Number of protein chains: 2
Amino acid sequence: MHNTTLKKISEILGISISTVSRALKHHPDISLKTRQKVIDLAEALDYEPNASAVQLRTRNSKLLGLMVPTISNYFYETFIAAVEEDARKQGYSVMILQSGNDPVIELENLKLFRQNRVSGVFACLSLSTTDMKGFERMRELDIPVVFFDNVPEEDGLHKICMADEKSAQLAAELILQQPYQSVLALFGNPQLSITKKREEALKLAFQSHPKIELLVEHAGNSEEAQNITHAMLDKHQPDIIFCMSDEILIGVLKTIQQRGLHYPDNIALLTISNGTIPKLFHPQITYIETSGEKLGRLAFSHMLNCINGNSEAKELLVDAVLVKGGSV
Amino acid sequence: MHNTTLKKISEILGISISTVSRALKHHPDISLKTRQKVIDLAEALDYEPNASAVQLRTRNSKLLGLMVPTISNYFYETFIAAVEEDARKQGYSVMILQSGNDPVIELENLKLFRQNRVSGVFACLSLSTTDMKGFERMRELDIPVVFFDNVPEEDGLHKICMADEKSAQLAAELILQQPYQSVLALFGNPQLSITKKREEALKLAFQSHPKIELLVEHAGNSEEAQNITHAMLDKHQPDIIFCMSDEILIGVLKTIQQRGLHYPDNIALLTISNGTIPKLFHPQITYIETSGEKLGRLAFSHMLNCINGNSEAKELLVDAVLVKGGSV
DNA sequence: GTGAAAGCGCTAACAA
DNA sequence: TTGTTAGCGCTTTCAC
């Protein structure tokens with residue numbers, strides 16, 4: 001049991017609780033002598049302030065909420081790692097919750113954040129979120145919410161995204177520079193905001209090149225991507241496959257390997273990715289970077305601004321960068 | 001601001017705070033009428049109990065600490081995901097902190113756990129931890145600590161590990177079944193408890209087969225593994241490479257691909273892994289499974305026992321399973 | 001079946 | 001420079 005409290009220290013030293021409290025915070029009012037006595041004794045008794053008591057009294061929790069569909073994901077894990085690291089440096093802790101893409105759990109998690117009186121929330125919407133009540137309640141309570149990755153469509157919210165349109169444009173440019181005649185573009189779940197943005201931008205870029213065949217498909221996970229790729233390769237001869245994400249890429253790679261195909265000779269490959277998977281292969285797969293880490297750092301610094309009231313709601317973008325490999 | 005409190009509800013209803021408190025917990029003393037009135041009003045006013053106040057009063061935090069070197073890791077992310085999921089189902093939240101393999105941060109993190117009065121801690125030691133004071137303090141405070149992955153050597157602690165010895169034995173068995181004459185075994189940082197256990201067990205298994213050449217090397221990360229593999233392949237002709245972990249495997253795979261080698265024809269491959277990386281390749285790489293998820297679930301259920309005082313300190317093992325691929 | 005009161009550990013306004 | 005006091009929101013014992 002934690003049994004060293006301000007009261008105990010004050011009793012031993014024969015001074016008041018408030019003096020002890022002040023001394024421990026290096027309040028200038030307190031004489032050096034007293035201060036030192038208090039600090040020494042606190043040290044000796046392993047005093048450790050009760051965070052709940054402090055938070056109850058000050059209404060300032062130094063706790064941030066972070067919700068993702070799942071922690072176990074190439075992208076989210078780097079996002080979380082970055083946020084946690086920056087938060088720690090600023091004296092914040094992070095309460096990380098998974099929604100499992102279940103709107104009911106999402107709602108419960110938001111409630112948990114509220115009950116813990118978090119100072120702010122980072123949230124990636126679950127796939128099937130339609131009811132935004134949980135988030136609206138956050139707004140009522142003046143708890144800033146910074147959305148990332150899969151974000152709501154409404155304006156007037158804090159959103160941190162990668163430059164989805166630009167990344168798709170970059171991909172299109174790279175493809176159009178080459179003499180490819182047929183392009184297979186594989187996207188993720190069409191409900192996701194990132195899917196919509198990337199898909200629209202890619203299609204737009206190809207509109208002025210009607211001679212090039214653009215085959216667009218959607219896959220909810222790696223396995224689906226794998227199957228769809230097989231099916232498409234049975235019917236078509238795309239020169240290049242564009243993957244919207246690592247998850248898609250994984251499925252595509254399996255199919256390619258299963259069929260004994262080699263990139264870039266038999267077919268070219270281009271993806272949007274965190275970088276982990278593309279670098280596992282040789283030649284390295286060319287990708288447009290989505291850095292969970294950069295996104296996380298930006299999200300955290302924006303959160304800090306929100307908490308300090310210095311930020312109107314806006315969408316911030318992490319720039320898209322092409323990382324050349326040997327697959328195009 | 002959260003402004004609905006028990007007090008407010010009690011004032012509106014003209015009853016006492018304690019009655020409100022009881023009604024909200026479905027205390028049998030309270031009449032159905034009163035109870036319903038209270039519950040309805042609480043609902044209408046979006047009452048959400050202040051977790052800090054509850055914890056301050058009850059000294060029961062429903063909060064668990066979890067510390068890893070980094071969240072962004074194939075193994076830890078699955079461990080964390082499993083713990084978080086099970087914890088949520090039992091009404092616990094998890095405070096996840098990264099040590100970055102820095103003993104100083106590790107100590108600070110433990111302090112943070114204490115200040116937040118967590119009910120228990122899951123900890124994977126940082127690489128260079130020598131000072132166990134932070135953990136001893138946990139013991140003094142009766143806060144159970146469940147170690148996992150990289151665990152201390154001392155007895156009398158709660159440890160959740162995979163069956164490291166057995167996994168190395170399984171690997172050795174599989175290798176010895178084949179006509180391999182030379183084996184390159186790559187291990188991680190020799191300070192890690194898992195490295196020591198796996199290495200010793202593997203060496204032991206080969207002692208009775210002195211004719212087989214066993215080359216043992218250590219690499220601190222993927223890049224080192226990549227370089228070492230190059231160097232070893234320059235000098236030797238191993239028939240098979242055994243990798244202690246995904247991190248090592250990644251480096252080895254790069255070298256193999258760079259050299260245009262193919263498994264299992266030119267060289268065989270065997271690894272201990274979570275499964276993610278081995279399944280990315282075709283043929284799939286044969287591996288002995290370390291399931292972060294299984295470890296996490298076991299760790300959590302053991303933690304629950306510890307919290308309820310039903311558990312003496314012991315080391316629990318997750319069994320090693322061979323997952324056959326096409327690389328041996 | 002309900003209320004009064006004490007107190008968890010801390011901070012901060014006000015007094016001295 | 002230090003102490004007194006009130007109170008954050010909640011639970012729980014004891015009394016009625």
Side-chain angles (χ1 to χ4, degrees), chain A residues 1-39 41-42 45-63 91 111-112 114-119 141, chain B residues 1-39 41-42 45-63 91 111-112 114-119 141:
Chain A
M1 267 290 300
H2 267 93
N3 45 12
T4 305
T5 62
L6 294 188
K7 189 177 172 194
K8 186 167 176 186
I9 295 178
S10 76
E11 281 167 357
I12 295 179
L13 257 27
I15 57 181
S16 77
I17 297 180
S18 41
T19 304
V20 176
S21 173
R22 290 185 193 114
L24 254 16
K25 322 191 123 59
H26 303 93
H27 193 109
D29 275 2
I30 304 300
S31 74
L32 254 174
K33 262 185 273 176
T34 316
R35 197 192 297 181
Q36 202 52 52
K37 263 198 314 191
V38 170
I39 290 175
L41 184 59
L45 296 181
D46 290 317
Y47 172 71
E48 299 187 314
N50 184 318
S52 296
V54 174
Q55 127 76 0
L56 181 59
R57 182 59 237 242
T58 61
R59 292 132 174 291
N60 178 1
S61 72
K62 286 288 182 185
L63 220 205
K111 179 179 285 188
L112 216 49
R114 275 180 245 123
Q115 294 182 353
N116 283 279
R117 304 298 191 259
V118 295
S119 300
L141 296 170
Chain B
M1 266 291 298
H2 267 92
N3 46 12
T4 306
T5 62
L6 296 187
K7 189 177 171 193
K8 185 164 176 188
I9 295 178
S10 76
E11 281 167 355
I12 295 179
L13 257 28
I15 57 181
S16 77
I17 296 178
S18 35
T19 303
V20 176
S21 173
R22 289 187 192 111
L24 253 16
K25 324 192 121 58
H26 303 92
H27 193 109
D29 274 5
I30 305 300
S31 72
L32 254 173
K33 260 185 272 174
T34 317
R35 196 192 299 180
Q36 203 51 53
K37 260 198 320 195
V38 170
I39 290 174
L41 184 58
L45 296 181
D46 290 316
Y47 171 71
E48 298 186 316
N50 183 318
S52 294
V54 174
Q55 127 75 359
L56 181 62
R57 181 60 236 240
T58 62
R59 293 130 172 289
N60 179 359
S61 71
K62 286 288 180 183
L63 219 205
K111 179 179 285 187
L112 215 49
R114 276 181 246 121
Q115 295 183 352
N116 283 279
R117 303 300 191 261
V118 295
S119 301
L141 296 171

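Because only heavy atoms are used, hydrogens play no part in the values below, and waters and symmetry mates are left out as well, while side chains stay in. Every chain is numbered from 1 and lettered A, B, ... according to where its sequence line falls, protein lines coming before strand lines. Keep in mind that what you see is a predicted model, and the values were worked out from it rather than measured.
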When the distance from [atom1] of [X] to [atom2] of [N] is rounded to whole Å, what number comes out?
X: A:Arg35; N: D:dT1; atom1: CZ; atom2: P; value: 9 Å
X: B:Lys62; N: D:dC10; atom1: NZ; atom2: P; value: 18 Å
X: A:Lys8; N: C:dC10; atom1: NZ; atom2: C1'; value: 17 Å
X: A:His27; N: C:dC14; atom1: NE2; atom2: P; value: 14 Å
X: B:Ile30; N: D:dT12; atom1: CD1; atom2: C1'; value: 13 Å
X: B:Lys37; N: C:dG1; atom1: NZ; atom2: P; value: 15 Å
X: B:Leu13; N: C:dG1; atom1: CG; atom2: P; value: 18 Å
X: B:Gln115; N: C:dC10; atom1: CD; atom2: P; value: 10 Å

Donor on one side chain, acceptor on other, B:Ser119 and B:Ser61, under 3.5 Å:
yes
Is there a donor in the side chain of B:Ser31 and an acceptor in the side chain of B:Thr34, or the other way round, less than 3.5 Å apart?
yes
Check: B:Val54 main-chain N/O paired with B:Thr58 side-chain donor or acceptor under 3.5 Å:
yes
Expected output: side-chain A:Asn50 to main-chain A:Ser52 donor-acceptor under 3.5 Å
yes
Atom pairs under 3.5 Å, N or O on each side, protein against nucleotides 13-16 of chain D: can you list them with distances?
unit_1: D:dT13; atom_1: O4; unit_2: B:Arg22; atom_2: NH2; d: 2.7

Every protein N/O lying under 3.5 Å from an N/O of nucleotides 7-9 of chain C:
unit_1: C:dG7; atom_1: N2; unit_2: B:Arg57; atom_2: NH1; d: 3.1
unit_1: C:dC8; atom_1: O3'; unit_2: B:Arg59; atom_2: NH2; d: 2.8
unit_1: C:dG9; atom_1: OP1; unit_2: B:Arg59; atom_2: NH2; d: 2.6
unit_1: C:dG9; atom_1: N2; unit_2: A:Ala53; atom_2: O; d: 3.4

Carefully, step by step, assess B:Ser18 and B:Ser21 under the rule side chain to side chain donor-acceptor pair (under 3.5 Å).
CA-CA 5 Å; B:Ser18 35; B:Ser21 173; over 6 Å; no
Is there side-chain contact between A:Val118 and A:Leu112, with heavy atoms separated by less than 4.5 Å?
no
Are B:Ile17 and B:Glu11 packed together at the side-chain level, in the sense that at least one heavy-atom pair is separated by less than 4.5 angstrom?
no
Can you find a side chain N or O atom of A:Thr19 that sits less than 4.0 Å from OP1 or OP2 on D:dT2?
no
Reckon A:Ile15 touches a base, only the sugar-phosphate, or nothing at all at heavy-atom distances under 4.0 Å?
sugar-phosphate
Could you give the distance from CD1 (A:Ile9) to CG (A:Leu24), rounded to the nearest 0.5 Å?
6.0 Å
Taking every heavy atom of A:Leu45 against every heavy atom of A:Thr4, the minimum-distance pair comes out as O-OG1, 2.9 Å
